[in-house]
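In this chain, numbering begins with 1 at the start of the sequence shown.
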Amino acid sequence: MADRYYLPATQVLELSAILEDAEEKAPDLVAEVRRLVFATPIPDDAADEVERQLDNAETGLSI
């Protein structure tokens with residue numbers, strides 16, 4: 001089974017911008033990175049819950 005990681009929305013936006021800038025220079029590499037990072041999207045409701053849990057872990061709240 002492959003490991004799965006969650007990227008916060010801000011990091012996804014930053015990574016997307018970096019990949020867009022690099023696409024012209026290395027299209028095959030960018031395509032592979034996109035496939036590896038974005039191939040398994042997390043549904044919005046699950047992503048919201050994961051983000052809430054990460055925020056709670058950072059602030060020390062336990063809900």
Side-chain angles (χ1 to χ4, degrees):
M1 177 187 269
D3 292 334
R4 294 183 185 186
Y5 301 94
Y6 171 76
L7 293 174
T10 55
Q11 288 181 354
V12 170
L13 293 174
E14 290 173 14
L15 183 56
S16 293
I18 290 168
L19 291 173
E20 283 179 26
D21 290 342
E23 192 163 22
E24 190 173 309
K25 295 176 187 169
D28 292 339
L29 178 60
V30 169
E32 184 66 9
V33 170
R34 282 193 172 127
R35 185 188 68 77
L36 291 170
V37 174
F38 300 119
T40 308
I42 298 175
D44 288 339
D45 56 339
D48 291 342
E49 179 60 27
V50 170
E51 198 156 341
R52 246 189 314 279
Q53 289 177 7
L54 289 173
D55 288 343
N56 288 342
E58 287 178 1
T59 61
L61 297 174
S62 59
I63 295 177

Atom CG of Leu15 and atom CD of Glu20: how far apart are they, to the nearest 0.5 Å?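 Nearest 0.5 Å value for the CG-CD distance: 10.5 Å.
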For Glu24, does the CD atom sit with more than 12 other heavy atoms under 6.0 Å from it, leaving out its own atoms?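 Result for CD/Glu24: open.
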Can Val37 be reached from Ile18 by stepping across I, L, V, M, F, W or Y side chains whose heavy atoms are under 4.5 Å apart?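 No; Val37 is not reachable from Ile18 via cluster members.
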Could you report the tightest heavy-atom contact between Leu19 and Arg34, atom names first, then the distance?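 That closest heavy-atom pairing would be CD1-CG, 3.6 Å.
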